[in-house]
Every structure is written in structure tokens, then in C-alpha cells.
A.B. asks: 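Quick one: the structure is below, and I'll ask about it shortly.
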Amino acid sequence: MKALICEAFGPIDTLAIKELPSPAPGPRQLLVEVRAAAVNFSDALVVQGLYQVKPRLPFTPGAEISGIVESVGAEVADFRPGDRIIAVVGQGGFAQQCIADAARAMPLPAGMDFESGAALVLAYCTSLHGLKDRGHLKAGETLVVLGAAGGVGISAIEIGKAMGARVIAAASSDDKLALCRKVGADETLNYSTENLKDRINELTAGKGADVVYDAVGGPHTEPALRALAWRGRLLVVGFAAGGIPKIPLNLTLLKERSIVGVYWGEAMKHDPAGHLGNLQQLHQWFAAGTIRPVVSERFPLAAARDAVASIANRQVKGKIVVLPND
Ligand SMILES: NC(=O)c1ccc[n+]([C@@H]2O[C@H](COP(=O)([O-])OP(=O)(O)OC[C@H]3O[C@@H](n4cnc5c(N)ncnc54)[C@H](OP(=O)(O)O)[C@@H]3O)[C@@H](O)[C@H]2O)c1
């Protein structure tokens with residue numbers, strides 16, 4: 001089988017497609033024919049050695065997949081060959097076949113296509129966990145989403161709307177903001193051309209936002225924090241802009257604002273029942289048409305390296321997927 005291989009941490013253009021033997025599942029694992037693998041910002045960081053988790057080399061990137069079970073380990077009771085599944089695999093997804101832990105796999109819900117299945121879990125679970133469990137977003141509150149046209153950004157807009165919030169989408173181009181409106185944003189803000197703090201204040205009649213969902217960091221975090229209302233919450237989700245902001249703490253005291261970390265991958269280990277409840281909620285919203293991953297581009301396995309490069313280069317709208325067996 002063919003797979004994208006990272007042999008040394010470094011530039012994305014050193015990733016290469018190689019022929020490898022089919023992997024064998026362990027006792028509690030599944031061997032999966034990968035139908036779709038979503039590309040996440042963390043894939044670009046991990047191959048460059050810039051992510052908090054550093055896999056043992058060589059490895060295949062690709063953290064979440066959908067596909068068809070080919071074989072199962074001796075202790076697996078819940079899955080059989082032929083089952084259509086979604087799995088968070090951490091790595092190994094950009095390949096024709098991959099290994100998934102049975103405990104981190106779930107049936108592909110009826111009515112969900114492989115691309116949506118692959119693109120759903122990481123982004124949407126992060127946003128639901130962030131907005132509900134960490135941000136305590138309430139109906140009628142104002143939510144500002146930074147990097148709103150990206151993978152987690154689009155999911156935060158849709159979930160924010162589903163929770164009854166008024167959503168202000170902030171992104172770097174009018175083109176990206178048009179997509180944000182299409183998926184439900186009430187207002188938009190172009191932070192390349194507009195002053196972030198002033199525009200949020202203008203759109204909230206001077207009150208400020210109740211929750212900011214920040215997957216970008218860099219120069220945007222401090223002005224967004226300054227534009228939070230009394231007891232507003234800043235959700236620290238990621239640092240796609242590269243810089244990790246250093247914040248004057250008096251900004252929290254003045255309006256009893258909170259700065260709240262969001263780390264879905266760890267949170268689901270600490271609260272598996274809460275994670276399961278969130279997944280069920282997402283499946284219900286998907287079935288009702290309330291949420292729908294926006295898959296803007298599809299790449300064959302031969303071009304998986306280009307897919308990773310395009311997310312690193314800020315070119316992606318919504319989600320992109322690799323289709324290794326097409
Ligand atoms: N905490 C968690 O549990 C968790 C879970 C998933 C993801 N994340 C993090 O969330 C962030 C977003 O992930 P994603 O998969 O949604 O990525 P994405 O689709 O690439 O979206 C990131 C957005 O950040 C903005 N951005 C600003 N400066 C950028 C730069 N220099 N390079 C690239 N993008 C830049 C871009 O929007 P504009 O061009 O409009 O500015 C882009 O749309 C990442 O840092 C990721 O690691 C965290």
C-alpha cells in the first residue's frame with residue numbers, strides 16, 4: 001500500500017509517497033481501508049517538528065479518517081470487516097490503509113458521507129467542547145470567531161448559531177468572509193483591513209463580545225480580549241498565526257474577563273462521558289442539517305503533500321481532504 005511518509009522533521013516538501021507493507025492490527029485495533037482523511041493544521045506543524053506531540057520517525061501524518069474495516073484484532077467485539085467507520089488515529093491517515101484503535105473508532109452514522117465523516121470529529125468536537133464546556137456560551141450572547149473560515153472556525157460558527165448565539169466571523173479576506181456568511185455568520189469583520197477591537201465594539205453597540213473563540217493567536221488575541229464585555233471569556237484554541245501572545249493580566253481584572261484554555265484531545269481522556277455526549281449532539285445536528293463540514297478541496301494521495309502545504313500557507317477554506325484510494 002502507498003503512504004505519505006515523513007522521514008525527518010523539516011520542510012513540508014520533503015514528505016514523499018512510499019510503498020509500504022500493509023500494517024497488522026493489534027488485539028484491540030482495526031485495519032482500515034482509508035476512504036477519506038481530513039487535513040488539519042496540526043498535520044503541518046507535526047511534520048515540521050513544531051507540534052507539542054512528536055511522533056517517532058518515520059511516520060505517516062493524517063490524524064482523522066473515515067473508511068471501511070478490512071480486518072479486526074482478536075479482542076475486538078464491536079466492529080467487523082466491511083463496517084464503515086470514522087476514527088481519530090493521531091497519525092497514519094494519509095495512506096491507503098491505516099490502523100485505528102477500536103476505542104477511538106465509531107460507526108459512520110447513516111446518511112453521512114466519508115468526506116464529512118473524516119472532517120467532522122476533530123474540528124467540531126473541539127468547537128463544541130470549547131464553546132459549551134469551557135466557554136459556557138449562552139443563547140443570545142455574542143460570539144466572535146477568529147480565523148473563522150478555517151476548519152475549526154467554520155465549525156465554531158455553525159455550533160455558535162446552533163447554541164443560539166449571535167456570531168461575528170473574523171478573517172483575513174472578503175472571500176473567506178463570504179463563506180462565513182454562507183454557513184450562518186450574522187456579521188463579518190476583515191482583520192486585515194479593519195481594527196478588530198473597534199469593529200467588535202461597533203457591532204456590539206459598545207458592550208463588547210461575550211465569548212471570543214481564538215484559533216489564531218498572534219497579533220489578534222490582545223485586541224480581541226480588549227473587546228470582551230463584562231465577564232467575557234476568551235477561548236485559547238490555537239496559534240495558527242505562529243506567535244504565542246503575552247497578555248497584560250490587568251485586562252482580565254478590569255471587566256472580570258476569563259482566559260480559558262481549550263485542549264479537546266486531552267479533555268476527552270479526562271471526561272469520556274462528556275465527549276460521548278458531545279459526539280451524540282454533533283450527530284443529531286448533522287442529521288438535522290444544522291451542521292455540515294465544508295469540504296472545499298479534495299486531493300489524491302499523490303498530492304497529499306500539497307494538501308499539507310496549502311493548510312500551512314493559509315490557503316484553505318473550511319476543510320480539505322485526501323482521498324487515498326480514488
Ligand atoms: N486546542 C485544540 O484542542 C485544538 C483542536 C484543533 C485545532 N486546534 C488549533 O486550531 C488552529 C486552527 O486549526 P485549523 O485546523 O482550523 O486550521 P486552518 O483551517 O488552517 O485555520 C486556521 C486559520 O488561521 C488563520 N491564520 C492566521 N494567520 C495564519 C498563518 N500565518 N498561517 C496559517 N493560518 C493563519 C487563517 O485564517 P485567516 O487567513 O482568515 O487569518 C486560517 O483560516 C491550529 O492552531 C490548530 O492547532 C486546536
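In listed order, ligands and their atoms are each counted from 1. Every heavy atom of this structure was used, including side-chain atoms; hydrogens, water molecules and symmetry mates were not.
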A.B. asks: Looking at Arg257 and Ala229, what are the two nearest heavy atoms and their distance?
C.D. replies: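 Smallest interatomic distance, heavy atoms only, reads CG-O, 3.9 Å.
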
A.B. asks: So for ligand 1, is Trp264 a polar contact partner (N or O within less than 3.5 Å, distance only)?
C.D. replies: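 Among all N and O atoms of Trp264, at least one is under 3.5 Å from an N or O of ligand 1.
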
A.B. asks: Look at atom 5 (C) of ligand 1 and say which protein heavy atom is nearest, naming residue and atom and giving the distance to 0.1 Å.
C.D. replies: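 Result for atom 5 (C) of ligand 1: Thr126 OG1, 3.2 Å.
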
A.B. asks: Taking Thr221 for the side chain and Pro245 for the main chain, is one N or O donor matched with an acceptor at less than 3.5 Å?
C.D. replies: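 Such a contact is absent between Thr221 side chain and Pro245 backbone.
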
A.B. asks: Which heavy atom of the protein is the closest neighbour of atom 10 (O) of ligand 1, given with residue, atom name and distance?
C.D. replies: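 Scanning the protein heavy atoms, the shortest distance from atom 10 (O) of ligand 1 goes to Ala215 CB, 3.8 Å.
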
A.B. asks: Of the backbone atoms (N, CA, C, O) and the side-chain heavy atoms from C-beta on, which set of Asn313 has a member under 4.0 Å from an atom of ligand 1: side chain, backbone, both, or neither?
C.D. replies: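 No part of Asn313 comes within reach of ligand 1.
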
A.B. asks: Yes or no on side chain to side chain donor-acceptor pair (under 3.5 Å) for Lys176 and Asn190, after CA distance, side-chain angles and deciding distance?
C.D. replies: CA-CA 9 Å; Lys176 288 186 173 182; Asn190 183 333; over 6 Å; no

A.B. asks: If hydrogens are left out, which of Gly217, Ala241, Ser172, Cys125 has an atom nearest to atom 39 (O) of ligand 1, that is, the closest non-hydrogen atom?
C.D. replies: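 Checking each option, the heavy atom nearest atom 39 (O) of ligand 1 is found in Ser172.
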
A.B. asks: Hey, does Thr204 have a side-chain heavy atom less than 4.5 Å from the side chain of Ile168?
C.D. replies: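 Ile168 vs Thr204: side chains touch.
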
A.B. asks: Closest non-hydrogen protein atom to atom 42 (C) of ligand 1, residue and atom name please, with distance?
C.D. replies: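 For this ligand atom, the closest protein heavy atom is Lys176 NZ, 4.4 Å.
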
A.B. asks: Does Ser172 reach the main-chain N or O of Ser192 with its side chain, forming a donor-acceptor pair under 3.5 Å?
C.D. replies: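 Absent.
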
A.B. asks: Below 4.5 Å, heavy atoms only, C-beta onward: do Val308 and Phe94 meet side chain to side chain?
C.D. replies: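 Heavy-atom side-chain distance check passes, below 4.5 Å.
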
A.B. asks: Does Val34 offer a backbone N or O that forms a donor-acceptor pair with the side chain of Asn325 under 3.5 Å?
C.D. replies: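 Checked: pair present.
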
A.B. asks: Atoms of ligand 1 less than 4.0 Å from Leu122 heavy atoms?
C.D. replies: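 Within the 4.0 Å cut-off of Leu122, ligand 1 contributes 6 (C).
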
A.B. asks: Which protein non-hydrogen atom lies closest to atom 8 (N) of ligand 1, naming both residue and atom, and how far is it?
C.D. replies: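 Going atom by atom, the protein heavy atom closest to atom 8 (N) of ligand 1 ends up being Val237 O, 3.8 Å.
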
A.B. asks: What residue and heavy atom of the protein are closest to atom 29 (C) of ligand 1, and at what distance?
C.D. replies: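 Sorting protein heavy atoms by distance from atom 29 (C) of ligand 1 puts Ala240 O, 3.5 Å first.
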
A.B. asks: What atoms in ligand 1 come closer than 4.0 Å to a heavy atom of Gly150?
C.D. replies: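 Counting from 1, the qualifying ligand atoms are 19 (O), 21 (O), 43 (O).
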
A.B. asks: Could you go through Leu196 and Leu146, starting from their C-alpha distance and side-chain angles, then the distance that decides it, and tell me whether this counts as side-chain contact (heavy atoms from CB on, under 4.5 Å)?
C.D. replies: CA-CA 10 Å; Leu196 186 60; Leu146 306 182; 4.1 Å; yes

A.B. asks: Mind checking whether Phe41 has an N or O less than 3.5 Å away from an N or O of ligand 1?
C.D. replies: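 By distance alone, the answer is yes.
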
A.B. asks: Is it true that a side-chain atom of Asn313 and a backbone atom of Ala309 form a donor plus acceptor pair closer than 3.5 Å?
C.D. replies: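 Looks like yes, one N/O pair under 3.5 Å.
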
A.B. asks: Less than 3.5 Å apart, any donor N or O on the side chain of Ser116 or Asp113 sitting next to an acceptor on the other?
C.D. replies: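 A donor-acceptor contact under 3.5 Å links the two side chains.
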
A.B. asks: Polar-atom distance check: Tyr191 versus ligand 1, any N or O pair below 3.5 Å?
C.D. replies: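 Yes - when backbone and side-chain N and O of Tyr191 are compared with those of ligand 1, one distance drops under 3.5 Å.
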
A.B. asks: Tell me the protein heavy atom at minimum distance from atom 26 (N) of ligand 1, and give that distance in Å.
C.D. replies: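 Going by distance alone, atom 26 (N) of ligand 1 is nearest to Arg314 NE, 3.7 Å.
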
A.B. asks: Looking at ligand 1, does any of its N/O atoms fall within less than 3.5 Å of an N/O of Ala171?
C.D. replies: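 Min N/O separation from ligand 1 is not below 3.5 Å for Ala171.
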
A.B. asks: Of all the atoms in ligand 1, which lie at a distance below 4.0 Å from a heavy atom belonging to Val216?
C.D. replies: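 Near Val216, the atoms of ligand 1 are 24 (O), 25 (C), 27 (C).
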
A.B. asks: Tell me which protein heavy atom sits closest to atom 19 (O) of ligand 1, plus the residue, atom name and distance to 0.1 Å.
C.D. replies: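 Checked against all protein heavy atoms, atom 19 (O) of ligand 1 sits closest to Gly151 N, 2.8 Å.
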
A.B. asks: Without swapping roles, check the side chain of Glu256 against the backbone of Thr252 for a donor-acceptor pair under 3.5 Å.
C.D. replies: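 The answer is no, because no donor-acceptor pair under 3.5 Å joins these two groups.
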
A.B. asks: Checking the N or O distance criterion of under 3.5 Å, is ligand 1 in contact with Lys319?
C.D. replies: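 Not met; the criterion fails.
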
A.B. asks: Considering only heavy atoms, which of Val152, Val262, Leu50 lies nearest to atom 7 (C) of ligand 1?
C.D. replies: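 It is Val152 whose heavy atom sits nearest to atom 7 (C) of ligand 1.
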
A.B. asks: Under the criterion side-chain contact (heavy atoms from CB on, under 4.5 Å), I'd like the reasoning laid out for Ile159 against Trp285: C-alpha separation, chi angles, the key distance, then a yes or no.
C.D. replies: CA-CA 9 Å; Ile159 291 171; Trp285 276 337; 4.0 Å; yes

A.B. asks: Check whether any N or O atom of Gly238, backbone or side chain, sits under 3.5 Å from an N or O atom of ligand 1, and answer yes or no.
C.D. replies: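 Checking ligand 1 against Gly238, no N or O pair falls under 3.5 Å apart.
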
A.B. asks: How far is atom 45 (O) of ligand 1 from its nearest protein heavy atom, and which residue and atom is that?
C.D. replies: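 Protein heavy atom at minimum distance: Phe239 N, 3.3 Å.
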
A.B. asks: Using a 3.5 Å cut-off on N or O atoms only, is Tyr51 in polar contact with ligand 1?
C.D. replies: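 N/O-N/O distance under 3.5 Å: no.
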
A.B. asks: Check the hydrophobic clustering (I, L, V, M, F, W, Y; side-chain heavy atoms under 4.5 Å; chains of links allowed) and say if Val47 and Leu301 are grouped together.
C.D. replies: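 Same cluster.
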
